[in-house]
Engineer: 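My questions will all concern the structure given below.
Worth saying up front: this structure is predicted, and the values here are computed from it rather than measured.
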Amino acid sequence: MTLRKVNVVIILLLAVAFLIIVQRNLLNISDILHMDNPDAGKSLPFESELSPELRPESVRKGEEISVLITAVEERLGAVVAAMNSVYQNSKANVVFTIVTLNDTVEHLNVWLSKTRLKNVKYKIVIFKPELLNGKKSKDSQMLQDARPLTFARFYLPVYLPEAEKAIYLDDDVIVQGDIQELYETNLKPGHAAAFSDDCDSASVKGIIRGAGNQNNYLGFLDFKKDAIKQLGMRANTCSFNPGVIIANLTEWRNQNITLQLEHWMELNSREDLYTKTLAESIITPPLLIVFYKRHSAIDPMWHVRHLGTTGAGKRYSPQFVKAAKLLHWNGHYKPWGRTSSFSNVWDKWFIADPVGKFNPVRKNPGDH
């Protein structure tokens with residue numbers, strides 16, 4: 001064998017030996033990787049076990065839109081209908097904060113997890129009624145509006161500590177538009193909130209027995225009281241409805257809005273500052289004082305209200321109701337009750353209670 005042939009054989013042997021060594025090293029590395037991660041190279045077992053709200057195809061991305069709503073046991077069906085209407089009519093990344101009491105949590109969780117709302121993002125917060133100690137007058141205890149949860153809107157930054165902007169909704173609303181449009185309502189510099197003025201063209205003025213049209217400050221506040229006189233507010237200033245609020249929570253915190261509201265609640269409990277003809281609306285007066293000429297306006301079609309008053313079915317046409325972005329059944333007649341107008345619109349968004357506790361009252365299937 002010539003020297004050249006010997007060299008070729010040696011080179012080939014070395015190459016084979018090198019390849020064998022490399023292969024063994026690669027196998028060792030693979031073994032190490034499998035020891036650190038036994039599932040490496042396999043399909044991850046938890047992918048098929050992800051809850052529906054976390055599956056990529058159902059995750060809503062983009063800026064979180066914080067919506068706060070309260071839930072009392074006897075009106076839980078209203079909360080579910082309102083949430084369903086918001087969720088189904090928008091592709092936005094809506095996150096609900098539901099403020100409630102301990103005795104409602106279990107029922108609420110079942111309703112949301114066992115129905116088509118199981119994909120909705122939400123968190124439940126417990127309201128502490130002791131927050132209101134010394135802040136409600138004895139006269140107001142009889143009013144339905146004096147229920148503790150109705151005051152939750154005064155504490156928006158407390159329940160939404162990470163949010164810079166949020167929407168508050170009463171439970172007796174149905175949202176027919178994309179909630180993102182409402183969220184993007186422009187608030188003027190320095191304004192902590194936007195409301196719907198009661199003098200706007202799309203709303204019907206609420207008629208209060210003995211008080212006339214309750215669409216101005218005189219309908220809510222006693223202008224004979226010194227504390228009110230000293231504010232220098234005009235009694236005929238257009239009032240607003242706090243059933244829908246868009247809040248700039250940064251401004252709310254900076255201006256200590258919650259403390260201001262609590263101040264007027266406490267002062268009223270001592271001096272009785274609200275008008276005697278008030279129609280179960282002790283929530284509105286402190287807001288009217290604190291936000292006097294310091295709030296922005298909501299598009300009237302984003303808060304069409306008074307659907308819960310007498311004759312609403314005659315005042316509003318079905319075409320107008322269909323075109324409205326948000327409907328509010330404020331007033332005595334709720335859409336889950338027997339005598340409400342346009343209850344058929346509300347029924348479209350109601351989800352039956354899986355527990356069977358809440359049932360809308362209807363005279364017959366064709367009730368409106």
Engineer: Can you tell if the side chain of Val290 reaches within under 4.5 Å of the side chain of Ile257, non-hydrogen atoms only?
Structural biologist: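 Yes; the side chains approach each other to less than 4.5 Å.
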Engineer: Is the shortest side-chain N to carboxylate O distance from Arg153 to Asp170 below 4.0 Å?
Structural biologist: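 Result for this pair is yes, salt bridge flagged.
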Engineer: Quick check: do Leu169 and Val67 have side-chain heavy atoms less than 4.5 Å from each other?
Structural biologist: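 Yes. Closest side-chain heavy atoms under 4.5 Å.
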Engineer: Side chains of Ser90 and Asp178: do they bring a donor and an acceptor to under 3.5 Å?
Structural biologist: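 There is such a pair (donor and acceptor under 3.5 Å, judged by atom type) between the side chains of Ser90 and Asp178.
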Engineer: Between Val95 and Ile167, is there a shared hydrophobic cluster once you connect ILVMFWY residues whose side-chain heavy atoms come closer than 4.5 Å?
Structural biologist: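 No, because Val95 and Ile167 fall into different hydrophobic clusters, even though each may have its own neighbours under 4.5 Å.
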Engineer: So that I can tick it off, tell me whether Arg305 and Asp198 are bridged by a salt bridge, with the cut-off set at under 4.0 angstrom between side-chain N and carboxylate O.
Structural biologist: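 A salt bridge links Asp198 with Arg305.
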Engineer: Checking Thr185 side chain against Leu182 main chain: does a donor-acceptor pair fall under 3.5 Å?
Structural biologist: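 Side chain of Thr185 to backbone of Leu182: a pair is present.
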Engineer: Would you say that Glu164 contacts Leu249 through its side chain, given a criterion of any heavy-atom pair below 4.5 Å between the two side chains?
Structural biologist: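 Contact flag for Glu164/Leu249 side chains = no.
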Engineer: Using the test ring pair (Phe, Tyr, Trp, His ring centres under 6.0 Å), find all partners of Tyr292 that sit at least two apart in sequence or belong to another chain.
Structural biologist: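 Ring pair (Phe, Tyr, Trp, His ring centres under 6.0 Å) list for Tyr292, sorted by chain: Tyr217.
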Engineer: How about Ser341 and Tyr333: do any of their side-chain heavy atoms sit closer than 4.5 Å?
Structural biologist: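 No - every pair of side-chain heavy atoms lies 4.5 Å or more apart.
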Engineer: Regarding Arg234 and the six-membered ring of Phe223, is the cationic atom NZ or CZ under 6.0 Å from the ring centre and inside 45° of its axis?
Structural biologist: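 So Arg234 doesn't make the cation-pi contact.
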Engineer: Does a side-chain N-to-carboxylate-O contact under 4.0 Å join Lys325 and Glu181?
Structural biologist: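 Looking at Lys325 and Glu181, the cut-off is met.
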Engineer: Distance to the ring centre below 6.0 angstrom and angle to the axis at most 45 degrees; does that hold for Lys121 and Phe96?
Structural biologist: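 Checked: cation-pi criterion not met.
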Engineer: Once you round to the nearest 0.5 Å, how far does CD1 of Ile124 lie from OG1 of Thr97?
Structural biologist: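 The CD1 atom of Ile124 sits 10.5 Å away from the OG1 atom of Thr97.
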Engineer: Whether the Asn109 and Tyr122 side chains hold a donor-acceptor pair (N or O, under 3.5 Å, no angle test) is what I'd like checked.
Structural biologist: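 Note: Asn109 and Tyr122 side chains meet the donor-acceptor criterion.
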Engineer: Lys334 and Ser340: which non-hydrogen atoms are nearest, and at how many Å?
Structural biologist: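 Heavy atoms only, the tightest pair is O-CB, 3.0 Å.
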Engineer: For atom CD of Glu74, is the number of surrounding heavy atoms from other residues, nucleotides or ligands below 6.0 Å larger than 12?
Structural biologist: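 Yes, CD of Glu74 has more than 12 neighbouring heavy atoms, counting only those of other groups under 6.0 Å.
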Engineer: Would you call the rings of Phe320 and Tyr316 parallel, tilted or perpendicular, where under 30° means parallel and over 60° means perpendicular?
Structural biologist: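 Geometry flag for Tyr316 against Phe320: parallel rings.
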Engineer: Could you tell me if the side chain of Tyr159 sits less than 4.5 Å from the side chain of Leu68, heavy atoms only?
Structural biologist: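 Contact flag for Leu68/Tyr159 side chains = yes.
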Engineer: Classify the side-chain pair Glu262/Tyr155 by whether it contains a donor and acceptor separated by less than 3.5 Å.
Structural biologist: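 Yes, side-chain donor-acceptor contact under 3.5 Å.
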Engineer: Can you find a side-chain donor-acceptor pair between Arg294 and Gln255 that sits under 3.5 Å?
Structural biologist: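 Yes, Gln255 and Arg294 have a side-chain donor paired with an acceptor closer than 3.5 Å.
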Engineer: Suppose the criterion is ring-ring contact (aromatic ring centres under 6.0 Å, His included): which pairs have a residue in residues 245-266, not counting sequence neighbours?
Structural biologist: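 Passing the test, one end in residues 245-266: Trp252-Phe291.
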Engineer: Of all residues at least two apart in sequence or in a different chain, which pass the ring pair (Phe, Tyr, Trp, His ring centres under 6.0 Å) check with His295?
Structural biologist: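 Listed in chain order: Phe195, Phe240.
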Engineer: Mind listing the closest non-hydrogen atom pair of Thr150 and Ile283 along with its distance?
Structural biologist: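 That closest heavy-atom pairing would be O-CD1, 3.3 Å.
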